[in-house]
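Worksheet for the structure shown next.
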Amino acid sequence: MILITGGAGFIGGNFVHHWFERAAKLGLAPEPVVVLDKLTYAGNPATIATHLKSGQATLVQADIADRDAVRAALATYQPRLVVHFAAESHVDRSISGPGEFIHTNMVGTFSLLEESRAYWSGLQGEAKAAFRFLHVSTDEVYGSLSSTDAAFSETTAYAPNSPYSASKAGSDHLVRAYHHTYGFPTLTTNCSNNYGPYHFPEKLIPLMILNALDGKPLPVYGDGLNIRDWLYVRDHCEAICQVLEKGTLGEVYNVGGINEIKNIDVVTTICRKLDELRPRADGSTYESLITYVTDRPGHDRRYAIDPTKIQRDIGWSPAETFESGINKTVAWYLQSTEWIDTVRSGAYRDWIAQNYADRSA
Ligand code: NAD
Ligand code: DAU
C-alpha cells in the first residue's frame with residue numbers, strides 16, 4: 001500500500017494511472033493506493049474514477065494540515081511510502097490570494113512531515129528501512145533565468161519570486177531539515193512545467209486548447225517570450241517511480257524535458273494542431289484568436305532544468321518529445337468532454353472572470 005497526497009489533482013491523478021499501468025507492464029501485482037486529498041477546486045475524483053471503482057485506489061478526503069486525519073490515514077492504511085503531491089499550484093492564484101499557499105504548501109507539508117515521521121518512528125526492521133517520503137517540488141524555487149544563464153542544477157541557489165514558489169521553497173527546506181535532523185528518509189524532485197491529460201484548465205496549455213475550441217481570445221501574458229521547459233506528465237510520473245526505487249535518501253533530483261519553448265510558440269503549436277484536427281467553421285485560423293494581455297506581476301522570464309544528475313544516477317530520461325506529447329494532449333482534450341464539463345464549474349468561471357477581467361488587451 002502506498003499513500004499519495006493530492007492524488008486527485010493533475011500530476012497526482014496521472015501518477016495513480018501510471019502506477020497501475022507500470023505494474024502491469026512490468027508483470028508486477030498491482031499495489032493498492034490510498035489518495036489523501038482535500039478535493040479543492042483542483043482535485044477531481046473523476047480523474048481517478050476507474051481505479052476508485054475497481055477498488056485498487058481508495059480516496060480519503062482530508063486536508064494535509066489536519067494532523068488527526070493524516071495520523072488516522074497512516075494508522076489505518078500502513079503505507080510503505082508516501083508520495084507528496086498535494087499543493088496549491090497556480091502562480092496567478094498565489095498572487096491574488098497567497099494565504100491558502102502558506103496553509104497547504106508550508107503548514108500542510110509541516111503537518112504531513114510530523115505525522116509521517118511519527119509513523120515511521122513506530123515502524124520496525126525492514127518496514128522502517130524501506131520507508132520513503134518523496135516530496136514533489138518545482139523548478140520555480142530556483143527563480144528566473146536570463147537567456148544566457150545555465151539551466152537549473154540541484155546546487156543552484158534558491159530564489160523564489162512568487163508566493164507560490166516561495167511556499168514550495170519553504171516546503172523543500174522543511175523536507176531537507178527533516179532528513180538532516182531526524183534522519184527521516186526523504187527524497188525530493190524539482191520538476192519543470194508538466195502538461196498532458198487531466199490538466200486543470202487554468203494553466204497555459206489546457207486553457208489555450210479549451211478557449212480556442214470555444215472561439216474565445218487566447219490570452220498571452222506580456223510579450224509571449226517567456227520560456228518554460230515542458231515535460232509530458234507521464235515522464236514526470238516515471239521519474240518519480242525511478243527515484244523511489246533508486247534514489248539516495250536525502251538527495252534532490254531535478255526533472256526536466258530539455259524542451260525549452262517560448263509561450264507564444266506553445267500557443268501557435270496548439271493552434272496549428274487544432275486547425276488540422278478541428279478546423280474552424282468560418283475558415284479562419286485559431287491563431288487569429290491570440291490576444292496579448294497585461295503581464296503577470298513578477299513574471300519569471302525563463303525556466304530550464306539540467307537533468308544530468310537524474311540521467312546519470314537514476315538512468316531516467318523522458319520518453320516523449322514536445323511534438324508527441326502535445327499531440328496526445330490535444331487529442332485527449334478533444335475526446336474528454338465529460339471530464340472537461342465536470343471541472344468547468346461555477347467556481348472555475350469565477351476564477352476566469354477574476355483573472356482576465358483586469359488584463360487589458
Ligand atoms: P493541482 O493543483 O492540479 O493538484 C493539487 C491537488 O492537491 C488537488 O487534487 C487538490 O485537491 C490537492 N490539495 C490542495 N490542497 C490540499 C490540502 N491542503 N490537503 C490535501 N490535498 C490538497 O497540482 P499539480 O499540477 O498536479 O501539482 C502537483 C504537485 O507537483 C505540486 O506539489 C506542484 O507544486 C508540483 N509541480 C507541479 C508542476 C506542474 O507543472 N503542474 C511542475 C512541477 C512540480
Ligand atoms: O515550472 C513548474 C511550474 O509550472 C509548476 O510548479 C506550477 O505548479 C505550474 O502551474 C507551472 O507554473 P507556470 O506559471 O509556469 O504555469 P502556467 O501554466 O500558469 O503558465 C505558463 C506560462 O504561460 C507562464 O509564462 C505564464 C504564461 N501564461 C499563463 C496563462 C495561464 C499566459 O501567457 N497566459 C495565461 O493565460
Side-chain angles (χ1 to χ4, degrees), residues 4-15 35-45 47-48 59-66 69-70 83-95 100-101 103-105 107-109 111-112 135-142 144 152 162 164-165 167-168 171-172 189-196 198-208 211 217-231 233 236 240 255-256 261-264 266-267 290-296 299-305 343 352 355-356 359:
I4 301 177
T5 71
F10 164 48
I11 307 176
N14 273 284
F15 185 83
V35 167
L36 189 142
D37 197 300
K38 188 178 174 181
L39 300 183
T40 67
Y41 76 92
N44 184 358
T47 297
I48 51 169
L59 177 63
V60 175
Q61 184 174 0
D63 186 334
I64 51 166
D66 177 346
V70 171
V83 188
H84 175 34
F85 292 97
E88 286 293 333
S89 69
H90 191 34
V91 173
D92 292 321
R93 285 186 194 252
S94 83
I95 295 167
E100 280 300 307
F101 289 71
H103 170 80
T104 289
N105 301 357
V107 179
T109 299
S111 304
L112 184 70
H135 174 59
V136 180
S137 194
T138 171
D139 60 0
E140 298 202 15
V141 297
Y142 299 119
S144 183
F152 302 131
S162 71
Y164 163 67
S165 52
S167 64
K168 289 296 291 187
S171 67
D172 292 8
T189 52
N190 290 84
C191 188
S192 62
N193 284 63
N194 285 215
Y195 66 101
Y198 305 108
H199 204 180
F200 193 77
E202 63 189 353
K203 307 282 169 63
L204 179 75
I205 288 182
L207 180 99
M208 293 297 166
N211 275 20
L218 307 181
V220 174
Y221 294 168
D223 61 8
L225 300 180
N226 301 67
I227 291 173
R228 297 292 182 264
D229 183 353
W230 293 97
L231 182 69
V233 62
H236 185 190
I240 290 170
V255 187
I261 311 178
K262 295 184 188 81
N263 290 344
I264 189 62
V266 170
V267 178
I290 291 175
T291 310
Y292 288 89
V293 298
T294 310
D295 209 351
R296 170 185 282 174
H299 195 175
D300 285 339
R301 193 64 172 165
R302 172 178 167 239
Y303 302 144
I305 283 276
V343 301
I352 295 296
N355 190 43
Y356 295 96
R359 292 184 192 272

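All ligand and atom numbering here is 1-based and tracks the order in the structure. Positions are given from 1, in the same order as the sequence printed here.
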(message) Which residue and atom name correspond to the protein heavy atom nearest atom 33 (C) of ligand 1, and how close is it?
(response) Tyr164 OH, 3.5 Å

(message) What I want to know is whether Gly9 and ligand 1 share at least one N or O pair that is separated by under 3.5 angstrom.
(response) yes

(request) Find the distance between OG (Ser162) and CD1 (Ile95) and round it off to the nearest 0.5 Å. (result) 6.5 Å

(message) Give me the nearest non-hydrogen protein atom to atom 26 (C) of ligand 2 as residue plus atom name, then the distance to 0.1 Å.
(response) His299 NE2, 3.4 Å

(message) Between ligand 2 and Lys168, can you find any atom pair, the residue atom being a heavy atom, that is separated by under 4.0 Å?
(response) no

(message) Considering both backbone and side-chain atoms of Ile64, is one of its nitrogen or oxygen atoms within less than 3.5 Å of a nitrogen or oxygen in ligand 1?
(response) yes

(request) State whether the side chain of Asp295 and the backbone N or O of Val293 hold a donor-acceptor pair below 3.5 Å, judged by distance alone. (result) no

(message) For atom 18 (O) of ligand 2, what's the nearest protein heavy-atom neighbour? Residue, atom name and distance, please.
(response) Leu204 N, 2.8 Å

(message) Using heavy atoms and a 4.0 Å limit, tell me yes or no: is Phe200 in contact with ligand 1?
(response) no

(request) Could you find the nearest protein heavy atom to atom 11 (C) of ligand 2 and give me its residue, atom name and distance? (result) Asn193 ND2, 3.4 Å

(message) I need the contact type for Glu140 against ligand 2. Using non-hydrogen atoms and a strict under-4.0 Å cut-off, is it side chain, backbone, both or neither?
(response) side chain

(request) Identify, by atom number and element, the atoms of ligand 1 in contact range of Asn193, meaning under 4.0 Å from any of its heavy atoms. (result) 40 (O)

(message) Heavy-atom contact check, 4.0 Å cutoff: does Thr5 meet ligand 1?
(response) no

(request) Could you check whether the rings of Phe152 and Tyr303 sit parallel, tilted or perpendicular, using 30° and 60° as the cut-offs? (result) tilted

(request) Considering only NZ, NE, NH1 and NH2 on the basic side and carboxylate oxygens on the acidic side, decide whether Arg93 and Glu100 come within less than 4.0 Å. (result) no

(message) Can you confirm whether Glu88 sits close enough to Thr40 that some side-chain heavy atom of one is under 4.5 Å from a side-chain heavy atom of the other?
(response) yes

(message) Pairs of nitrogen or oxygen atoms closer than 3.5 Å, one from Asn226 and one from ligand 2: do any exist?
(response) no

(message) Pairs of nitrogen or oxygen atoms closer than 3.5 Å, one from Thr104 and one from ligand 1: do any exist?
(response) yes

(message) Please list the nearest protein heavy atom to atom 29 (C) of ligand 2 with its residue and the distance rounded to 0.1 Å.
(response) Tyr221 CE1, 3.6 Å

(request) Determine whether His299 and Val91 make a side-chain contact, defined as any pair of heavy atoms from C-beta on separated by less than 4.5 Å. (result) no

(request) Provide, to 0.1 Å, the distance between atom 30 (O) of ligand 1 and the closest protein heavy atom, together with that atom's residue and name. (result) Val136 CG1, 3.5 Å

(request) Tell me which protein heavy atom sits closest to atom 5 (C) of ligand 2, plus the residue, atom name and distance to 0.1 Å. (result) Tyr164 OH, 3.6 Å

(request) Without swapping roles, check the side chain of Ser165 against the backbone of Val141 for a donor-acceptor pair under 3.5 Å. (result) no

(message) Give me the nearest non-hydrogen protein atom to atom 2 (O) of ligand 1 as residue plus atom name, then the distance to 0.1 Å.
(response) Ser89 OG, 2.7 Å

(message) Tell me the protein heavy atom at minimum distance from atom 9 (C) of ligand 2, and give that distance in Å.
(response) Ser89 O, 3.9 Å

(message) Taking the side chain as everything from C-beta on, heavy atoms only, tell me whether Leu231 gets closer than 4.5 Å to Cys191.
(response) yes

(message) Return the closest protein heavy atom for atom 44 (C) of ligand 1 as residue, atom name and distance.
(response) Ser137 O, 3.1 Å

(message) Below 30° counts as parallel, above 60° as perpendicular, anything between as tilted: where do the rings of Tyr195 and Trp230 land?
(response) perpendicular

(message) Taking Gly6's backbone N and O only, do any of them form a donor-acceptor pair with Lys38's side chain (distance below 3.5 Å, no angle check)?
(response) no

(message) Considering both backbone and side-chain atoms of Lys38, is one of its nitrogen or oxygen atoms within less than 3.5 Å of a nitrogen or oxygen in ligand 1?
(response) yes

(message) I'd like to know if Ala8 contacts ligand 1, where contact means a heavy-atom distance under 4.0 Å to any ligand atom.
(response) yes

(request) Using distance alone, determine whether Thr138 and ligand 2 share an N or O pair under 3.5 Å. (result) yes

(message) Against Ser137, only a single residue in Thr109, Asn105, Asp172 fulfils side chain to side chain donor-acceptor pair (under 3.5 Å); can you say which?
(response) Asp172

(message) Checking a contact table here: which protein heavy atom is nearest atom 25 (O) of ligand 1, and how many Å away?
(response) Phe10 CD2, 3.7 Å

(request) Report yes if Arg228 has an N/O atom closer than 3.5 Å to an N/O atom of ligand 2; otherwise report no. (result) yes

(request) Specify side chain, backbone, both or neither for Leu39, according to which of its non-hydrogen atoms lie closer than 4.0 Å to ligand 1. (result) backbone

(request) For the pair Asp139 (side chain) and Ile305 (backbone), establish whether a donor and an acceptor sit closer than 3.5 Å, ignoring hydrogens and angles. (result) no

(request) Provide the number and element of each atom of ligand 2 under 4.0 Å from a heavy atom of Lys203. (result) 10 (O), 18 (O)

(message) What I want to know is whether Pro219 and ligand 2 share at least one N or O pair that is separated by under 3.5 angstrom.
(response) yes

(request) Output the list of atoms in ligand 1 that are nearer than 4.0 Å to some heavy atom of Thr40, sorted by atom number. (result) 10 (C), 11 (O), 14 (C), 15 (N)

(message) Tell me the protein heavy atom at minimum distance from atom 36 (O) of ligand 2, and give that distance in Å.
(response) Tyr356 OH, 2.6 Å

(request) Would you check if the side chain of Ser144 reaches a backbone N or O of Arg301 as a donor-acceptor pair within less than 3.5 Å? (result) yes

(request) Specify the protein heavy atom at minimum distance from atom 11 (O) of ligand 1: its residue, its atom name, and the distance to 0.1 Å. (result) Asp37 OD1, 2.6 Å

(message) Below a 4.0 angstrom heavy-atom separation, can you tell me which part of Ala62, side chain or backbone, both or neither, approaches ligand 1?
(response) backbone

(request) Distance to 0.1 Å, residue and atom name: give those for the protein heavy atom nearest to atom 40 (O) of ligand 1. (result) Asn194 N, 2.9 Å

(message) Between ligand 1 and Asp63, is the shortest N or O to N or O distance under 3.5 Å?
(response) yes

(message) I'd like to check whether Asn44 has a polar contact with ligand 1, where a contact means an N/O of the residue lying under 3.5 Å from an N/O of the ligand.
(response) no

(message) At under 4.0 Å between heavy atoms, is it the side chain or the backbone of His84 that contacts ligand 1, or both, or neither?
(response) neither

(request) Give the atoms of ligand 1, by number and element, whose distance to some non-hydrogen atom of Ser192 is under 4.0 Å. (result) 42 (C), 43 (C)

(request) Please indicate whether any nitrogen or oxygen in Arg296 is less than 3.5 Å from any nitrogen or oxygen in ligand 2. (result) yes

(message) Among all the protein's non-hydrogen atoms, which is closest to atom 38 (C) of ligand 1, and how far away is it?
(response) Ile11 CD1, 3.5 Å

(request) Mind running side chain to side chain donor-acceptor pair (under 3.5 Å) on His236 and Asn14 for me, showing each step along the way? (result) CA-CA 9 Å; His236 185 190; Asn14 273 284; over 6 Å; no

(message) Once you restrict to heavy atoms under 4.0 Å, what part of Asp229 touches ligand 2? Side chain, backbone, both or neither.
(response) neither

(message) Regarding ligand 2, does Cys191 bring an N or O atom to under 3.5 Å of one of the ligand's N or O atoms?
(response) no

(request) Give the numbers and elements of all ligand 1 atoms closer than 4.0 Å to a heavy atom of Lys168. (result) 31 (C), 32 (O), 33 (C), 34 (O)

(message) Let me confirm one number: the OH-OG distance from Tyr164 to Ser89, rounded to the nearest 0.5 Å.
(response) 6.0 Å

(request) Could you list which atoms of ligand 2 come closer than 4.0 Å to a heavy atom of Asp139? (result) 1 (O), 2 (C)

(message) Around atom NZ of Lys203, are there more than 12 heavy atoms from other residues, nucleotides or ligands closer than 6.0 Å?
(response) yes

(request) May I ask you to identify, for Asn263, whether its side chain, its backbone, both or neither come under 4.0 Å of ligand 2 on a heavy-atom basis? (result) side chain

(message) Please report the interatomic distance CG(Leu36) to CD1(Ile4), rounded to the nearest 0.5 Å.
(response) 11.0 Å

(request) Determine yes or no for a side-chain-to-main-chain donor-acceptor pair under 3.5 angstrom, with Asp37 supplying the side chain and Gln61 the backbone. (result) no

